[in-house]
Amino acid sequence: MLAQPERTPGRRPLLILAYADSTYASLAGRYFRRLGWEVHLTSSGTEARRLARTLAPTVVVLDTDLADESGWLTCDKLRRERPNQKVVLVSPNPNEEGRRLAEFVGAATLVCRGVGVSSLIEEVLGKALQAVG
C-alpha cells in the first residue's frame, strides 16, 4: 500500500511529470490522481520549469530524455531557479555515474525507467515524501 501524500489545508499535493512517452506519463498521472495529487503532464523541460515557477509543485518528475533538452539539464536549471524544489529523475539505466550526475544536478533521487508504473510511483512517493517531510 502506498503512503498517502501529506495534505496542506486547502491544497492537494501537486506533481509535474515531464516525460517523453505520453502513454507512460498518462498512466503514471492517473495513478497519482487516484492518490489525491494534482498532476500536470508535459514532455518539455522548458514547460516543466515554467509550470514549476507558476504552480510551486510538491515534486517534479523528469525523464532524462525530454523533447527539448535533457532531464539532467532541466533539473539543474530548475534547482537554480527554485533551490528547494524536490526533483526526481527517471533514467533508462541508472548506474553509479548517473547517480553522481543526479546528485550534481540536485535531484532528490534517480529511478529506473524500466520498472512498472506502480513500482516507479511507489519509489517516487516514498523518497519524495521523505525529502519533503
Side-chain angles (χ1 to χ4, degrees):
M1 174 92 174
L2 297 179
Q4 291 295 316
E6 292 291 322
R7 301 212 186 263
T8 304
R11 182 170 186 232
R12 295 185 302 166
L14 193 144
L15 168 77
I16 295 172
L17 178 58
Y19 209 84
D21 180 344
S22 61
T23 302
Y24 190 88
S26 179
L27 288 171
R30 278 197 305 266
Y31 205 105
F32 272 102
R33 285 182 185 105
R34 277 188 252 142
L35 292 173
W37 288 66
E38 180 180 338
V39 178
H40 295 265
L41 302 176
T42 182
S43 62
S44 158
T46 303
E47 179 67 4
R49 289 191 338 270
R50 187 194 67 75
L51 287 168
R53 282 190 303 268
T54 304
L55 302 173
T58 308
V59 179
V60 176
V61 176
L62 300 171
D63 186 0
T64 55
D65 300 319
L66 295 173
D68 59 345
E69 63 187 19
S70 78
W72 308 101
L73 180 58
T74 301
C75 180
D76 184 58
K77 289 177 178 179
L78 182 57
R79 294 279 292 149
R80 289 172 192 267
E81 294 170 7
R82 299 180 45 80
N84 296 321
Q85 180 64 64
K86 302 304 175 196
V87 178
V88 173
L89 282 167
V90 181
S91 171
N93 316 330
N95 55 28
E96 192 54 39
E97 181 181 343
R99 292 185 204 301
R100 283 193 301 271
L101 182 56
E103 184 178 336
F104 179 75
V105 297
T109 190
L110 176 66
V111 298
C112 181
R113 179 183 307 147
V115 298
V117 171
S118 60
S119 297
L120 169 67
I121 292 170
E122 187 172 341
E123 186 165 349
V124 168
L125 279 176
K127 293 185 185 233
L129 289 177
Q130 288 171 13
V132 216

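Nothing fancy with the numbering, it's 1 onward along the sequence.
Of all the heavy atoms in Gly106 and Cys75, the pair that sits closest is C-SG, 4.1 Å. Between Ser91 and Pro94 the shortest heavy-atom distance is O-CD, 3.7 Å. Closest heavy-atom contact between Ser44 and Ala18: O-CB, 4.3 Å. The two residues Ala52 and Ile16 have their closest heavy-atom pair at N-CD1, 3.4 Å.
The residue from Lys77, Gln85, Arg82 that alone fulfils the side chain to side chain contact (heavy atoms under 4.5 Å, CB included) condition with Arg49 is Lys77. Checked against Val88 for a side chain to side chain contact (heavy atoms under 4.5 Å, CB included), the options Val61, Val60, Leu15 give a single hit: Val61.
Under a 3.5 Å cut-off, the side chain of Arg33 and the backbone N or O of Val39 do form a donor-acceptor pair. Remark: side-chain polar atoms of Asp63 are not paired, donor with acceptor, to backbone N or O of Leu66 under 3.5 angstrom.
Residues passing the side chain to side chain contact (heavy atoms under 4.5 Å, CB included) test with Glu38 are Arg12, Leu14, His40, sequence neighbours excluded. Here Thr46 pairs with Asp68 under the side chain to side chain donor-acceptor pair (under 3.5 Å) rule; sequence neighbours left out. Every side chain to side chain contact (heavy atoms under 4.5 Å, CB included) that Ala102 has, sequence neighbours left out, goes to Trp72, Leu89, Ala107, Leu110.
Atom CG of residue Asp21 and atom OG of residue Ser43 lie 10.5 Å apart, to the nearest 0.5 angstrom. Taking CG of Leu17 as the start and OH of Tyr24 as the end, the distance is 9.0 Å to the nearest 0.5 Å. One distance of note links OG1 of Thr64 with CG of Leu101; it measures 9.5 Å at 0.5 Å rounding. We find the CZ-OG1 distance between Arg79 and Thr74 to be 14.0 Å, quoted to the nearest 0.5 Å. Here CD of Glu103 is found 9.5 Å from CZ of Arg100. Values are rounded to the nearest 0.5 Å. Distance OG/Ser70 to CG/Asp65: 8.0 Å, rounded to 0.5 Å.
Residue-environment remark: CD (Glu96) exceeds the threshold of 12 foreign heavy atoms within 6.0 Å. Taking a 6.0 Å sphere around CZ of Arg53, one finds it holds more than 12 heavy atoms contributed by other residues, nucleotides or ligands.
Using cut-offs of 30° and 60° for the angle between ring planes, the Trp37 and Phe32 rings count as perpendicular.
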